[in-house]
Participant: 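First, the structure itself, so that you have it in front of you.
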Amino acid sequence: MPELPEVETVRRELEPALAGARLTRVVARRPDLRFPLPHRFAERLTGARIERLERRGKFILAPLDTGETLTIHLGMTGRFDVRLARDPSCPPPDRPPAERKHAHILFETQAGALITFVDARRFGFMDLVDTAALAAHPRFAGMGPEPLGPAFDAAFLKRAFAGRRQGPKTLLLDQRIVAGLGNIYVCEALHRAGVSPVRGAARISLARVDGLAAAVRAVLAEAMAAGGSTLRDYARPDGGEGYFQHAFLVYGRAGKPCPSTGCHGTIRRIVQSGRSTFFCPVCQK
DNA sequence: ATTACGTCCTGTCGGC
DNA sequence: TGCCGACAGGACGTAA
């Protein structure tokens with residue numbers, strides 16, 4: 001379940017193999033992921049040099065020397081398998097059948113690295129967009145600020161919440177308000193800030209919104225330092241696991257006692273906009 | 001403008 | 001033991 005910390009971890013681990021690398025071979029083993037791949041996808045990538053790897057929200061961006069940018073979204077189960085250049089006399093290790101079955105896109109670099117995009121549920125997607133027009137692209141034009149950037153603070157969030165009747169849970173998941181949060185970190189941030197996920201967002205005091213913005217930044221920074229969270233779906237390109245899941249205070253903990261000091265509440269699971277919300281009804285007001 | 005809800009996709013897990 | 005539904009949760013389309 002890649003959210004910002006997981007996507008950033010993946011970006012960093014792809015860098016050694018892909019930043020500055022020239023693609024010598026690209027294979028799309030099917031014409032679509034979540035959406036159809038763009039026209040002549042593999043051909044437009046083959047021979048291109050990836051100038052660097054960036055991240056915007058939950059997207060990985062790879063600007064190319066062709067004037068286009070490869071945009072990648074991992075969806076739910078998308079991940080990369082990275083094999084750096086190796087001794088050609090040593091055959092590659094066999095992969096488990098499930099891996100092979102859902103290996104949809106292959107990238108080979110001039111230096112001999114083999115990068116495989118694997119996505120069982122195919123909620124991920126890739127696109128090629130004109131780099132000069134990237135900011136104006138519908139997918140990015142309306143995207144909210146980076147939660148760890150300077151534009152995301154209490155004043156900004158207060159404005160975004162103004163006049164809104166939906167709960168902060170729903171609004172923080174909206175990538176047009178802030179880019180990169182997903183279900184897990186929104187639940188965790190709301191609990192840390194002591195803010196109820198169901199309270200009408202316009203009715204949250206500035207002081208609480210301030211605490212919420214701080215909690216969002218803190219939980220993301222901590223998760224990133226831990227290499228993200230590994231649940232059933234997410235795996236790092238290096239095969240390692242993130243370990244922030246051990247720091248969850250509410251996510252997936254329905255029925256367990258609230259971990260807040262002095263609070264005797266019990267974590268509840270409810271459904272908001274079709275998604276699970278985990279929270280403590282006692283200390284989240 | 002805002003809100004609500006359905007859709008996509010497949011593997012896993014719990015209950016019967 | 002096997003079947004079946006619930007669930008996981010990203011973005012997006014549609015309709016009110």
Side-chain angles (χ1 to χ4, degrees), chain A residues 1-11 29-38 55-61 71-80 96-105 117-127 129 137-144 147 159-190 197-203 220 223 228-235 242 244-245 248 250-255 268-279:
Chain A
M1 31 207 70
E3 304 179 30
L4 189 152
E6 290 76 31
V7 176
E8 178 61 20
T9 301
V10 170
R11 186 199 69 79
R29 298 179 62 199
R30 51 176 304 132
D32 58 342
L33 296 169
R34 169 93 162 83
F35 307 111
L37 290 167
R55 183 192 53 76
R56 177 74 176 99
K58 297 174 195 168
F59 286 82
I60 293 171
L61 307 177
T71 67
I72 300 164
H73 197 293
L74 300 174
M76 278 286 294
T77 50
R79 62 178 186 272
F80 283 96
E99 286 273 310
R100 200 181 291 278
K101 181 175 168 193
H102 299 296
H104 303 307
I105 317 272
F117 180 71
V118 184
D119 187 0
R121 290 177 60 188
R122 262 174 38 239
F123 266 32
F125 49 94
M126 295 191 196
D127 201 359
V129 305
H137 189 282
R139 194 164 276 148
F140 299 99
M143 198 176 275
R159 251 179 288 125
F161 283 1
R164 303 297 295 264
R165 304 174 59 172
Q166 287 181 307
K169 164 74 192 313
T170 306
L171 296 182
L172 288 173
L173 281 178
D174 187 341
Q175 303 298 296
R176 293 168 299 187
I177 291 177
V178 58
L181 291 173
N183 209 36
I184 293 172
Y185 296 115
V186 168
C187 288
E188 293 298 316
L190 285 166
V198 296
R199 171 183 290 267
R203 295 180 40 249
L220 291 178
S229 306
T230 298
L231 296 182
R232 48 174 75 86
D233 289 332
Y234 166 73
F244 190 73
Q245 64 277 11
F248 291 171
V250 288
Y251 186 82
R253 302 180 61 83
R268 280 232 296 151
R269 173 186 175 271
I270 61 171
V271 175
Q272 290 182 280
S273 327
R275 328 282 299 273
S276 288
T277 297
F278 297 92
F279 74 112

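All heavy atoms count here, side chains included; hydrogens, waters and symmetry mates do not. By convention in this document, chain letters (A, B, ...) are assigned in the order of the sequence lines, proteins followed by strands, and residues within each chain are numbered from 1.
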Participant: Just N and O in the side chain of A:Arg164: are any of them under 4.0 Å from OP1 or OP2 of B:dT3?
Facilitator: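 Affirmative; the distance criterion is met.
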Participant: Round to a whole Å and report the spacing from CZ of A:Arg30 to P of B:dC9.
Facilitator: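 In whole Å, B:dC9 P and A:Arg30 CZ are 8 Å from each other.
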Participant: Between P on C:dG10 and CE on A:Met126, what's the gap in Å once rounded to a whole number?
Facilitator: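 Checked: the CE to P distance equals 18 Å.
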Participant: Taking atom P of C:dG13 as reference, at what distance in whole Å does atom CG of A:Asp174 sit?
Facilitator: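 Taking CG of A:Asp174 and P of C:dG13, I get 14 Å after rounding.
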Participant: What is the separation between atom CG on A:Leu173 and atom C1' on C:dC12, rounded to the nearest whole Å?
Facilitator: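 One finds 15 Å between C1' of C:dC12 and CG of A:Leu173, rounded.
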Participant: Taking the side chain as every heavy atom from C-beta outward, state whether A:Lys58 and A:Leu74 have any atom pair closer than 4.5 Å.
Facilitator: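 A side-chain contact is absent here, since even the closest heavy-atom pair is not under 4.5 Å.
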Participant: Which nucleotide in the list C:dC7, C:dC12, B:dT3 gets nearest to the side chain of A:Phe35?
Facilitator: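 Looking only at heavy atoms from C-beta outward on A:Phe35, the closest nucleotide is C:dC12.
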Participant: Any side-chain N or O of A:Lys101 less than 4.0 Å from the OP1 or OP2 oxygen of B:dG11?
Facilitator: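 Yes, within the criterion.
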Participant: With a non-hydrogen cut-off below 4.0 angstrom, is A:Arg34 in contact with a base, only sugar-phosphate, or nothing?
Facilitator: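 Touches a base.
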Participant: Give a yes or no on whether a donor-acceptor pair under 3.5 Å exists between the nucleobase atoms of B:dC9, that is its base, and the side chain of A:Arg121.
Facilitator: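 Indeed, a donor on one side and an acceptor on the other fall under 3.5 Å apart.
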Participant: Taking CZ from A:Phe117 and P from B:dC9, how many angstroms apart are they, rounded to a whole number?
Facilitator: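 Computing the A:Phe117:CZ to B:dC9:P distance gives 15 Å.
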Participant: Less than 4.0 angstrom between a side-chain N/O of A:His73 and OP1 or OP2 of C:dA11, yes or no?
Facilitator: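 Checking C:dA11 against A:His73, a side-chain N or O does come within under 4.0 Å of OP1 or OP2.
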Participant: Any side-chain N or O of A:Arg275 less than 4.0 Å from the OP1 or OP2 oxygen of C:dG10?
Facilitator: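 For C:dG10, OP1 or OP2 has a side-chain N or O of A:Arg275 closer than 4.0 Å.
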Participant: Indicate whether OP1 or OP2 belonging to C:dA11 is found under 4.0 Å from a side-chain N or O atom of A:Gln175.
Facilitator: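 Yes.
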Participant: Is any side-chain heavy atom of A:Pro147 closer than 4.5 Å to a side-chain heavy atom of A:Leu4?
Facilitator: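 Side-chain contact under 4.5 Å: yes.
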Participant: Could you tell me how far apart A:Arg165 (CZ) and B:dA1 (C1') are, to the nearest whole angstrom?
Facilitator: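 Between C1' of B:dA1 and CZ of A:Arg165: 13 Å.
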Participant: Want to know the stems of DNA chain C: at least 3 consecutive Watson-Crick or G-U pairs with distances under 3.5 Å, which are they?
Facilitator: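 Listed by first number, the stems are B:2-8 with C:10-16, B:10-16 with C:2-8.
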Participant: B:dT3, C:dG10, C:dC12: which one has an atom nearest the side-chain heavy atoms of A:Gln166?
Facilitator: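 Side chain of A:Gln166 sits closest to B:dT3.
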Participant: So what does A:Arg176 hit on the nucleic acid, given a heavy-atom distance under 4.0 Å: a base, only sugar-phosphate, or nothing?
Facilitator: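 No contact.
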Participant: Which part of the nucleic acid does A:Gly182 contact within heavy-atom distance under 4.0 Å: base, sugar-phosphate only, or nothing?
Facilitator: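 Here A:Gly182 touches the backbone only, sparing every base.
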Participant: Closer than 4.0 Å, any side-chain N/O of A:Ser273 to the OP1 or OP2 of B:dC5?
Facilitator: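 Result: no.
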Participant: Just say parallel, tilted or perpendicular for the rings of A:Phe59 and A:Phe125, cut-offs at 30° and 60°.
Facilitator: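 Rings of A:Phe59 and A:Phe125: perpendicular, as their planes differ by over 60°.
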Participant: Without decimals, in angstroms, what is the distance between A:Phe59 CZ and C:dA11 P?
Facilitator: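 My rounded result for the distance is 7 Å.
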Participant: What integer number of Å spans the P atoms of B:dG6 and C:dA6?
Facilitator: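 Nearest-Å result for B:dG6 against C:dA6 at atom P: 13 Å.
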Participant: Tell me whether A:Arg30 at atom CZ has more than 12 heavy atoms from other residues, nucleotides or ligands lying less than 6.0 Å away.
Facilitator: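 Enclosed.
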Participant: Are the aromatic ring centres of A:His104 and A:Phe117 under 6.0 angstrom apart?
Facilitator: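 Ring centroids of A:His104 and A:Phe117 are no less than 6.0 Å from each other.
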Participant: Can you check the A:Ile72 CD1 to C:dG10 C1' distance for me, whole Å?
Facilitator: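 Taking CD1 of A:Ile72 and C1' of C:dG10, I get 16 Å after rounding.
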Participant: Indicate, with a heavy-atom threshold strictly under 4.0 Å, whether A:Ser276 touches base, sugar-phosphate, or nothing.
Facilitator: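 Counting heavy atoms under 4.0 Å across all strands, the contact made by A:Ser276 is with sugar-phosphate only.
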Participant: I want to check one thing: is the phosphate of B:dC9, taken as OP1 and OP2, less than 4.0 Å away from some side-chain N or O of A:His102?
Facilitator: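 Result: no.
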Participant: Quick one, A:Phe279 and A:Ile270 - any side-chain contact, counting heavy atoms below 4.5 Å?
Facilitator: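 Heavy-atom side-chain distance check passes, below 4.5 Å.
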Participant: How long is the gap from NE2 on A:His73 to CG on A:Leu61, to the nearest 0.5 Å?
Facilitator: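 Here the rounded value is 11.0 Å.
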Participant: Hey, is the side chain of A:Gln272 poking within less than 4.0 Å of OP1 or OP2 on B:dA4, counting only N and O atoms?
Facilitator: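 No, outside the criterion.
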Participant: Can you find a pair of side-chain heavy atoms, one from A:Val118 and one from A:Lys101, that are under 4.5 Å apart?
Facilitator: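 A:Val118 vs A:Lys101: side chains apart.
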